[in-house]
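Okay, so here's the structure we're looking at.
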Amino acid sequence: MQNDDFVYERKLRPIWESIEIGNYKKALQDVEKMLKKKPTIQCARALKAWAFLRLGREEESNAIIAALVQEEPVEAPTLHALTLCYKETHRLDKICTLFSNAVRQVPGSEELLSQLFIAYMRVDDFKAQQSVALQLYKLRPRNSYYFWAVMSVVLQALRGPDADNAQKVQLLLALAQRMVDKFIAENKLEGAQEAQLYLQILQEQHKYGEAYEFLHGALCQKLYPGAPVYGKIDLLKKLNKWGELNRLLKELLLQDQDRWDYYQDYINSTFELIKAREKPDGTDHTVEMCHEFLCDIIEAQAKKCRGPYLARLELNRRMLEQRYDEEQLFGKMSDMLAEYFELFGDKPCCALDMKLFLEYVRPASERRVLATKLLNGLGLSSATLPASKAQMQRHICTLQLARYSGAHAVVSEELLHAIYTSLSLHYEHGFNAHGQGLLVTDMGPSDPYAILAAQIMYERAWRIQRSEPAIEALCLLGHLLSNSVNNFHAKLLVLQLYHRLGLTLAAQEAYEALDIKHIQLDSLGYLHCAQLANGGFPAYAKTIYDRTLNFFENDNEASAEFPKASYNFGTYSKLVEIIDFRNRLTNSFHFTLVSVEAQLLMVVGFVGTLPQLLSLYRQTRPKPGVDRIRWNKLADNRDLTIFVCWDPPGDEEGDATNVSPHPMANGNDSEQPFAPTSSKPVGALLEERREALQKVSYEQDYDLLRLRSGLQRMVFSLVELGLVRPSGQEEPSGTTSEYAVALKLRDHWVTLTEEIRRKQHVPISGRYLVNLLPSRLHLYLRLPYEAVFTHLADFVLSLWRGYSSDQKQDHQTGSLEALSQQAERCVNDVTNLFETLKRAIDTYHESVDLLWHWKTTHELVNGCIEMISLMVFVLAVCYDKYVHASSTPTVAPASGKRSKKQTTNDAAANSDTATNGASGPTPACVPEKDRLALVTKVLRALKQRINETDLALASWKPPVVEDTLSAAVEQMSLNPKCATTVQARIVLSAQSEVKELRKLVKDKLKLMSKAI
């Protein structure tokens, strides 16, 4: 028998290999031959199911899998093949059932129990993990299995279903501690990770004293001698042992004099000692002692390190916040910053370092004085250029600080242009003098000139509301990228500029040049994906959306395996972090929004006939009645730090994006007292502003997701209602529930739009290039989405009922007339949409600068076309339904009896009457032929307006870029090809969008081909 197994295993190996390399048909042929000889081979049948799955024959695969599961297999190859099938179909819970059955068959198998533990791990069933781990420990008393159980208890407390119940959390953590205490008492603790887990359990219970004692105990010193010092620092902070912490950090700083994190904690411990009025021996318990210690480090340095100098600035900052008198300060902040610049101004990080403290130079005008003083100190004028690379870097630093100080906010737009010209020339000189012979991956030392110049030029464009400065910025960035092909800062600005101008095709090229992959699709995908839904290029949008969705779907499988490695290697400290990371990806806001937009795009961008669209719709058929979005768990994973921003934090014009709760951030130059905020780390103001901007942006995008999800679900519920057979035939079960779902989603849509409008969201300002782009929410609120789809839903729901329940007048004027009025409202909506589109194009043609107004126009046009596309889909489905109903004779039920169908329809009608508050007898149903005529009327209006829309789009002129631009570029000694390339991209993007939209609206006629 063993020989037979070996033979079959040898024959199965090529089948495994064929599936793994993608040769599914050959694998299927080979497995069929084997099963003909012996049909009962479980592994062969599992491989057959896997091959079917890879070939897209999921139903056949599921049938084989179901039969195999009933047999409760226990062989490792069969279980492995079935596990792969379940993974690919995202049914991880079934793997648990599979191995649970196997363990029941072979209760003493360590391998099967281990696999069952991993199966529960994939679905975060921590309680089941604990039970299986204890079974493993009972079977094989190993520390690893025991601590699997301990870690499972910890995860139940921290990330389990009862994680919000403080009492249960404490009980579970206490249980985990007792389990480890038992091992310590029995002297069974063996590894560093076990000791680290025990420390984690104690800290989660806030038993910091016990954790500190254990950390210094003989056992921990033996098992975990390499415990990182930051663990001790954290415990000392939580225990408020500031004296001991101060002494420890002094020792550490004498050994490593450039550790910025040590300096921050050291200074904080000094202020805590001052606050507590404690004076332990060997500590620095006054600001004078702290300053003297820092000065001693500076004097003893053999090589200049930034750490102690930054620490002096931090000490001064903390004293300012604590309202120390001016005489007590160790220097004026502006003078200390000037000194720091003299020492480290030739380092690229200098400006970023000084940026952390610049806001503490008060009033704001003094910051500009400081920037001017630093610039003048370089000895450069408008007619001179930096003589060395170090001088050039100092010059760049002063310019960045000048912009951050608000120097550019108070000058005229003509002077802004002069600054731009000067920076462009400095960039060209720096590239020629110091940027030659670099590696392809290196960024040019003079690149910051061009980056800053582009931001300045966009601000000028925003001020004068003209596109020429933005185009010049694009030309300069193009020239920079021809020299530094991998400068991602420039690529990001190019992408942002094209989106600011509404040029989707050009933005697509810039996005592809960034080569965003893997996790960046989540953290940086918002830069491009957010603009694609109404960008005018459904094909490109589909490509990007599919790539994004594939990443999330595949990553869920990969990230589910990460905890497995942690358990196997005993690295328990990373498990909570890994699970949190996985949950943030699973509940990513970006992933959810792209999923919703992809569903709507499936309809809007479809090319083909109605049967083809319905076939595609059924493949990914959503369930409108089920809201799969976990709203309370959505995670905003956007990386807003990707842009290096030098824009002034306090906008004199009241820019809403630069709001900060700190009193210094209101843009007022008058002196203000400092609030005592000693707990804030350096850079807290910048972080507060970033968080405030992210919060405002996320709130708007959150409502955008609610709006788009509500629209998608309601539209698809109307489609589902249209796919149900009409009342003239025996209706399938669930018809009433489908009607109830559509009615509920219609009411939800009305309530949702009203609620969002009441919030009165304010768009994010477009003054600065690196600001977040305004949310698309404002576009959808500006267009009549609410009225159009409310009227459409009312019309389709009334068609299904056979009468209108708008008002009580139905009984007076007749159901047909009331339905006709609803149809007329839909016709009027179609007319209004066309007029909105036509008016947007006409207004665009009347503008002085066509390119500057292109974005507003193309957003309105795309929004109108999206609404028309969704209306066409819903009404085409309704038309197809009533054509079928009108051509099928109905059979009346026998007198004296009520058919089940009639009872269902009456119940639905009565339910609707009650819902809408109607009274009196139910109106007679309008015949299907009359309903068909009303749908045809609206579709014909759509056809007429679509043809008129095509004419309006044909008249839509692309923006013209003046030929003088090339001459201006040549005068600055830049590559003239850059101007030509930018001009060509702008014109091509606009022309291609018009062409794409014309094709799109013509394709909508195919969906109505039978109706018209």
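- Side-chain atoms of Gln619 never come within 3.5 Å of backbone atoms of Leu616 as a donor-acceptor pair (strictly under, hydrogens ignored).
- Residue Leu1005 holds its CG atom at 5.0 Å from CE of Met1008, rounded to the nearest 0.5 Å.
- Side-chain rings of Phe606 and Phe873 stay apart, their centers remaining 6.0 Å or farther from each other.
- Looking only at atom types and distance, the side chain of Gln700 has a donor-acceptor partner in the side chain of His778 under 3.5 Å away.
- A donor-acceptor contact under 3.5 angstrom links the side chains of Arg801 and Ser798, judged on distance only.
- Of the listed residues (Tyr702, Tyr698, Trp631), just one forms a ring pair (Phe, Tyr, Trp, His ring centres under 6.0 Å) with Phe589, and that residue is Tyr698.
- For the atom pair CG (Leu934) and NZ (Lys929), the distance works out to 14.5 Å, reported to the nearest 0.5 Å.
- Salt bridge Glu597/Arg776: present, at least one basic N to carboxylate O contact under 4.0 Å.
- Asp703 and Arg706 are joined by a salt bridge, as a carboxylate oxygen and a charged side-chain nitrogen come within less than 4.0 angstrom of each other.
- For the 3.5 Å distance criterion, the side chains of Asn862 and Glu993 qualify, holding a donor opposite an acceptor.
- In this structure, the separation between OH on Tyr526 and CD on Gln531 is 11.5 Å, given to the nearest 0.5 Å.
- Between Glu786 atom CD and Leu707 atom CG the span is 9.0 Å, to the nearest 0.5 Å.
- With respect to Arg945 and Glu948, a salt bridge is recorded, a charged nitrogen being found less than 4.0 Å from a carboxylate O.
- Atom CG of residue Asn832 and atom CE of residue Met867 lie 10.0 Å apart, to the nearest 0.5 angstrom.
- At a threshold of 4.0 Å, the pair Glu720-Lys623 does not count as salt-bridged, since none of the basic side-chain nitrogens sits closer than that to a carboxylate oxygen.
- Under a 3.5 Å cut-off, the side chain of Arg713 and the backbone N or O of Leu745 do not form any donor-acceptor pair.
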Side chain to side chain donor-acceptor pair (under 3.5 Å) between Arg638 and Ser697, intermediate numbers included: CA-CA 11 Å; Arg638 295 175 298 171; Ser697 170; 2.8 Å; yes
Working for side-chain contact (heavy atoms from CB on, under 4.5 Å), residues Leu951 and Asn947: CA-CA 7 Å; Leu951 295 176; Asn947 288 324; over 6 Å; no
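- Note on ring orientation: taking the six-membered ring where Trp is involved, the planes of Trp854 and Tyr844 are perpendicular (angle over 60°, cut-offs 30° and 60°).
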Steps toward salt bridge (charged side-chain N to carboxylate O under 4.0 Å, His left out) verdict (Arg825, Asp829): CA-CA 6 Å; Arg825 275 198 307 205; Asp829 287 336; over 6 Å; no
Side chain to side chain donor-acceptor pair (under 3.5 Å) evaluation trace for Tyr458 with Arg767: CA-CA 8 Å; Tyr458 174 78; Arg767 173 170 183 171; over 6 Å; no
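- A distance-only check finds no donor-acceptor pair linking the side chain of Arg985 to the backbone of Ala506 [under 3.5 Å].
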Test log, rule side-chain contact (heavy atoms from CB on, under 4.5 Å), inputs Val788 and Leu783: CA-CA 9 Å; Val788 167; Leu783 287 168; over 6 Å; no
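- Once rounded to the nearest 0.5 Å, the distance linking CG of Asp880 with CG of Leu875 reads 12.5 Å.
- Note on Arg547 versus Glu512: salt bridge recorded, some NZ/NE/NH1/NH2 to OD/OE distance being below 4.0 Å.
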Test side chain to side chain donor-acceptor pair (under 3.5 Å) applied to His853 and Gln465, step by step: CA-CA 9 Å; His853 294 88; Gln465 296 291 291; 5.9 Å; no
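- Looking at Tyr498 and Glu509, their side chains never bring a donor and an acceptor atom within 3.5 Å of each other.
- We find that Lys937 and Glu824 are joined by a salt bridge, their nearest charged nitrogen and carboxylate oxygen being less than 4.0 Å apart.
- A cation-pi arrangement is found for Arg708 relative to Tyr780, the charged atom lying closer than 6.0 Å to the ring centre and inside a 45° cone about the ring normal.
- Residues Ile986 and Pro959 come closest through the heavy atom pair CG2-CG, 4.2 Å.
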side-chain contact (heavy atoms from CB on, under 4.5 Å) between Thr843 and Thr857, worked out: CA-CA 8 Å; Thr843 303; Thr857 307; over 6 Å; no
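- Under a cut-off of 6.0 angstrom, the local environment of NZ in Lys759 is crowded, with over 12 non-hydrogen atoms contributed by other residues, nucleotides or ligands.
- At a threshold of 4.0 Å, the pair Asp842-Lys838 counts as salt-bridged, since one of the basic side-chain nitrogens sits closer than that to a carboxylate oxygen.
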Trp462 vs Leu769, side-chain contact (heavy atoms from CB on, under 4.5 Å): CA-CA, chis, key distance, verdict: CA-CA 9 Å; Trp462 185 85; Leu769 178 58; over 6 Å; no
